Amino acid sequence: MLPISPEDISAVYKDLSQYPSVSKAYIGPGASAGPGHKYCTISTEWWQRDLEQKKRVKYSRQYTVFCDGRTIFNTVPVGNCVENDSELLSRESPNGKTKAVVRGIHLRGEQKEFLEIWKGNRKVNNVDLTALNKHGPVYTDDQFGCLEWSQSGTRILYVAEKKNPKSESFFKTVSPELSHSTEEDDKKSTTLDHVTKGDQFVFREDWGEGFTNRSVPVLCILDIESSNISVLEGVPDHISPGQALWAPDDDGVLFVGWPHEPFRLGLKFCNNRRSALYHLKMSCGSCELVSLDTEAVCSPRMSPDRRRIVYLEGKASGPHWQCVKLRLYDWHVKTTSTVLDVVRRPTAGFAGIYSASLPLNCWSMDSKRVVFSTPQRSRQVILVADTDLSAVGSITPESSNHSWTLQTIQKDLLVASCSSPNCPPSLKIAFLPPIGSVAEIVWLNMEEAEPMGDIQWKTLAFTPPVEMDSPNYPGLDFEGLLLLPQKPDGKELFPLIIYPHGGPHSVFQATWELAPAVFCRLGFGVLMVNYRGSKGFGQDSIDSLMARVGEQDVKDVQFSVDQVLKTEPVDPNRLALFGGSHGGYLCCLLIGLYPQVYKACAVKNPVLNFVSLIGSTDIPDWRYIEFGFDYTFEKIPSKETLTAMISSSPVVYAPQVTTPILLLLGEKDRRISPHHGMEYYRALRARGVPIRVLWYPDNHSLSSVEAEADSFVNSTAWIVRHLPTWEKNQERKQPERSYPHTEAWSTPEEVRRRSEAENRRAYTFKGADPEWRHALPEEVKPIPESSQVCETPGGGVGDWWREWRDSGAVWTEEEDERRTEERLRSEEEEDGESSTEAEEAEEHRRTFEGIPARPRRKTGREAEADRSYDETPGEKATTGPVDNAEGGYRKKQGGSVERASPSHTNTEVWLDQVRSKFTGWAGIRRGKPP
């Protein structure tokens with residue numbers, strides 16, 4: 001593996017970031033193309049990263065599909081891609097002839113929203129939602145948002161933020177001419193908003209991470225003919241509505257409601273929030289329950305015959321992501337049944353449902369089957385559930401090891417995307433086979449991506465030993481995805497990046513992801529661990545992690561690393577950690593529990609101290625649930641809970657950490673406060689552990705294009721910088737791992753003040769920089785202006801070390817002695833000719849900075865004798881004042897002054913630590929490289 005520069009990392013990242021992903025698809029109405037032949041148009045929406053514009057670019061692409069009955073014989077792309085970044089939401093009418101679009105535009109310094117109606121090739125209506133001032137911003141997220149046509153095609157249902165009442169200061173004055181109102185003014189005032197005084201600083205709760213400024217949603221209806229907007233009344237005051245759809249008779253609205261009393265808990269990545277399905281009757285304004293209000297409900301979908309509704313239902317407590325049921329509500333009979341239940345342990349062909357939502361169009365044409373995609377172990381597949389038989393089967397090709405995602409189904413025509421760790425997304429199309437058909441579904445390509453030949457991958461199965469079994473859930477296994485560069489000669493050992501996922505109840509699927517692909521293209525192996533507790537492996541696996549966080553998951557990751565080291569071509573001396581959120585938490589525990597194993601670590605918004613997060617996170621219940629404690633809204637932490645939390649926090653293991661670590665923190669993170677990460681930063685910095693912080697103006701996921709790209713390049717460069725150098729002959733020495741800690745270590749200012757003579761003494765080999773300050777860590781690359789950097793001394797090495805390393809020079813004792821002899825002779829010859837001007841300038845600087853005067857500089861054999869004295873065994877240290885900032889001069893008992901041995905000065909102790917840690921030097925004081 002050759003040295004990798006930040007420019008190399010950026011180039012590979014930019015290259016692979018150009019591969020787009022599919023976000024949705026829509027199948028238009030069919031038309032005849034001759035006797036027995038039909039065609040239809042499929043509109044798809046894609047997105048990709050634009051690093052120059054620092055945003056995700058959305059664009060649409062259309063295809064024409066030619067079919068004969070239920071057989072597809074050709075698909076043709078139509079035209080070029082069209083960018084549609086300003087389009088926030090869109091939905092076609094039931095007959096497919098009209099389209100509604102919610103568009104956001106920045107106009108004259110103001111963000112405005114419009115609801116447009118398109119028919120054919122023209123815009124027939126355009127409603128300025130901002131100007132009407134009936135509500136706040138429209139909800140465009142998947143949690144609350146919707147855009148639904150009525151069956152008549154005359155009304156549109158959507159969700160928006162409730163309009164906040166206006167407020168002003170108690171001390172706002174009104175001009176005298178406005179204090180006397182006329183009768184006409186009084187009439188106008190009835191149409192104006194009521195203004196309250198003193199409420200402009202009232203705290204308003206929102207729904208946490210990812211939903212900032214999303215507080216009180218309301219249901220809204222646009223009448224297309226009159227362009228009137230009405231905000232529906234009748235929703236209970238303690239309920240926040242979302243995911244709405246029209247009732248079968250168009251006279252009512254079905255919606256999911258989340259109670260927000262006594263206070264809101266974060267919804268992002270949490271499918272365990274109590275919610276229910278409601279029916280709001282617009283004729284009388286009454287609102288009634290359709291489902292139980294003690295469970296967690298989401299994603300209602302109406303069948304084509306308008307008779308049945310399916311939705312997902314889970315437990316409204318416990319782990320934040322769980323296996324859920326598929327429930328069916330019969331609108332006419334008013335009964336609810338379970339189609340698919342929670343799966344405790346995976347069976348052949350089915351491991352349960354773990355999806356966040358069902359596709360908007362998920363019903364078969366006969367209104368009897370529901371099609372959806374969900375994780376099944378480490379792979380996502382497309383399943384078909386028969387609502388009459390309560391049976392489920394897969395329509396994912398058996399010959400494919402890709403992960404598949406259903407985009408839409410209309411009139412039994414399926415559009416899906418698929419990808420793998422070494423293959424970007426492709427677009428597929430097929431007809432859903434009839435019920436009872438044994439024939440395998442035939443998928444055709446609409447847009448095909450080629451696999452990358454330089455990346456190989458496989459799924460690894462891990463069975464922990466009996467002593468690692470969960471007491472209540474024995475016999476569980478887990479998996480991991482291993483990516484490796486293609487081996488040219490089969491002999492090279494690759495550095496390995498261990499990448500545990502966050503959650504903790506999330507999962508790595510065998511799908512295309514940018515970060516692992518870039519790592520692999522750069523020459524790293526990547527191990528993505530789905531430890532016990534990951535979703536997709538049954539509810540027992542999820543529950544097994546309760547009360548075992550920080551123990552079971554950590555052991556699983558370390559066990560998987562040990563197994564991979566035994567069987568795969570990876571280098572045990574070059575292991576690094578990379579992860580975010582709970583994955584970052586595991587990384588920080590691993591470097592504290594296994595300090596001899598990992599050489600570098602980069603983490604995004606990790607959990608570092610559970611106790612300090614209780615009052616700052618948007619999901620305080622998670623801290624209790626994961627440690628096996630019950631949670632209620634009235635919960636106050638007890639001594640028992642605090643003890644359990646702090647004992648499993650990485651900050652406790654800070655004294656054992658020696659691994660260089662990069663912290664990537666989001667300033668707007670509502671889930672894990674970035675300020676609690678600074679506690680860990682200070683703990684490691686005080687102990688001299690190399691640590692660097694990048695502070696981004698972003699949220700928990702660091703998902704903006706700029707933050708994502710910059711954090712990845714910095715993380716990779718950090719790992720490259722701190723991994724041992726690869727030698728082609730593979731004669732690698734085990735780097736020194738026992739690093740003494742000292743509480744008294746020198747500051748960068750003290751290091752800067754060391755004399756030039758001492759610096760020259762420390763670096764006497766060719767190519768060395770005589771100034772220590774030039775060997776201090778350099779910036780890997782310019783980071784965004786909005787980001788801030790905190791870095792300890794010793795975070796890296798200067799150009800002189802890279803030049804010497806890349807030159808291939810071999811340092812020997814003979815060469816060292818020869819160069820030392822030449823230096824001593826040169827110093828003796830030039831001692832009498834030294835310029836006094838530089839010495840006077842140096843003395844002036846020392847006087848100005850309040851540094852004691854330096855004794856006469858000894859050169860040649862005289863100085864060498866002093867250096868030999870420092871290394872003379874058995875020499876007893878004498879007492880006396882020590883100047884740590886100036887190379888450590890001390891008084892001898894006789895009154896004369898001599899230079900202190902590095903072992904007696906804090907500056908030298910710190911320098912020895914840093915140099916030996918990052919360059920592996922043995923003879924550091926003599927400037928000998930390894």
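Values in this document were obtained by computation on a predicted structure and should not be read as measured data. Each residue takes its place number in the sequence, starting with 1.
- Distance check, rounded to the nearest 0.5 Å: CG of L664 to CG of D698 gives 11.5 Å.
- Qualifying salt bridge (charged side-chain N to carboxylate O under 4.0 Å, His left out) partners for D142, counting only residues two or more places apart in sequence or in other chains: none.
- Other residues, nucleotides and ligands contribute only 12 or fewer heavy atoms inside 6.0 Å of the NZ atom of K14.
- No close placement of the F537 and F478 rings is indicated, their centers lying 6.0 Å or farther apart.
- Two residues are said to be in side-chain contact when any heavy atoms from C-beta on lie closer than 4.5 Å; N699 and D669 fail this criterion.
- Judged as a salt bridge (charged side-chain N to carboxylate O under 4.0 Å, His left out), and not counting sequence neighbours, the contacts of E708 are R49.
- In terms of modelled atom types and a separation under 3.5 Å, the side chain of S23 and the main chain of E45 share a donor-acceptor contact.
- By the 4.5 Å heavy-atom criterion applied to side chains, L483 and F524 are not counted as neighbours.
- Evaluation of the salt bridge (charged side-chain N to carboxylate O under 4.0 Å, His left out) rule for K668 yields no partner, not counting sequence neighbours.
- H676 places a side-chain N or O within 3.5 Å of a backbone atom of S673 that can act as its donor or acceptor partner.
- Here the rule is side chain to side chain contact (heavy atoms under 4.5 Å, CB included) with Q558, and of L593, L590, L589 only L590 fits it.
- In summary, of the residues considered (V607, V549, T617), a side chain to side chain contact (heavy atoms under 4.5 Å, CB included) with W622 occurs for V607 alone.
- Side-chain contact between L481 and S378 is present, with heavy atoms from C-beta onward closer than 4.5 Å.
- Considering CZ of R685 and OH of Y680, their distance stands at 15.5 Å, rounded to 0.5 Å.
- Residue H505 is tested with Q322, H320, K535, E626 for a side-chain hydrogen bond (donor to acceptor under 3.5 Å, both in side chains); the sole match is E626.
- A donor-acceptor contact shorter than 3.5 Å is absent between the side chain of S649 and the backbone of V652.
- S357 pairs by the side-chain hydrogen bond (donor to acceptor under 3.5 Å, both in side chains) definition with nothing, not counting sequence neighbours.
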Which donor-acceptor pairs under 3.5 Å do side chains of residues 495-504 form with protein atoms, sequence neighbours excluded?
{"unit_1": "H501", "atom_1": "ND1", "unit_2": "Y531", "atom_2": "OH", "d": "3.4"}
{"unit_1": "H501", "atom_1": "NE2", "unit_2": "S506", "atom_2": "O", "d": "3.3"}
{"unit_1": "H501", "atom_1": "NE2", "unit_2": "S534", "atom_2": "OG", "d": "2.6"}

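- Using a distance-only test at 3.5 Å, with no hydrogens or angles considered, a donor-acceptor pair links the side chain of N714 to the main chain of D710.
- Side-chain atoms of R574 come within 3.5 Å of backbone atoms of L493 as a donor-acceptor pair (strictly under, hydrogens ignored).
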Assess whether ring pair (Phe, Tyr, Trp, His ring centres under 6.0 Å) is satisfied between F519 and F494, documenting all intermediate values. CA-CA 11 Å; F519 280 140; F494 301 107; over 10 Å; no
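- The closest donor-acceptor contact from the side chain of Q456 to the backbone of P485 lies under 3.5 Å.
- Side-chain contact between S544 and Q552: present, with at least one pair of heavy atoms (C-beta onward) separated by less than 4.5 Å.
- Looking at residues two or more places apart in sequence or on another chain, you find a ring pair (Phe, Tyr, Trp, His ring centres under 6.0 Å) between Y19 and W512.
- Applying the side-chain hydrogen bond (donor to acceptor under 3.5 Å, both in side chains) test to pairs two or more places apart or on separate chains, those with a residue in residues 576-589 are D553-H582, S581-H700.
- Between the side chain of T567 and the main chain of Q563, a donor-acceptor pair closer than 3.5 Å is present.
- Not a single donor-acceptor pair under 3.5 Å links the side chain of E447 to the backbone N or O of S426.
- Residues meeting the salt bridge (charged side-chain N to carboxylate O under 4.0 Å, His left out) test with D562, sequence neighbours left out: none.
- Every side-chain hydrogen bond (donor to acceptor under 3.5 Å, both in side chains) that E448 has, sequence neighbours left out, goes to N445.
- Using a cutoff of 4.0 Å between basic side-chain nitrogens and carboxylate oxygens, R670 and E209 are not scored as salt-bridged.
- Applying the side-chain hydrogen bond (donor to acceptor under 3.5 Å, both in side chains) test to S417 and every residue at least two apart in sequence or in another chain returns Q407.
- Remark: Y653 engages no residue in a ring pair (Phe, Tyr, Trp, His ring centres under 6.0 Å) (not counting sequence neighbours).
- Residues meeting the side-chain hydrogen bond (donor to acceptor under 3.5 Å, both in side chains) test with Q18, sequence neighbours left out: none.
- The shortest distance between side-chain heavy atoms of P595 and V657 does not fall below 4.5 Å.
- A donor-acceptor contact shorter than 3.5 Å links the side chain of T44 to the backbone of R61.
- Between the CG atom of D556 and the CD atom of E479 there is a distance of 12.5 Å, given to the nearest 0.5 Å.
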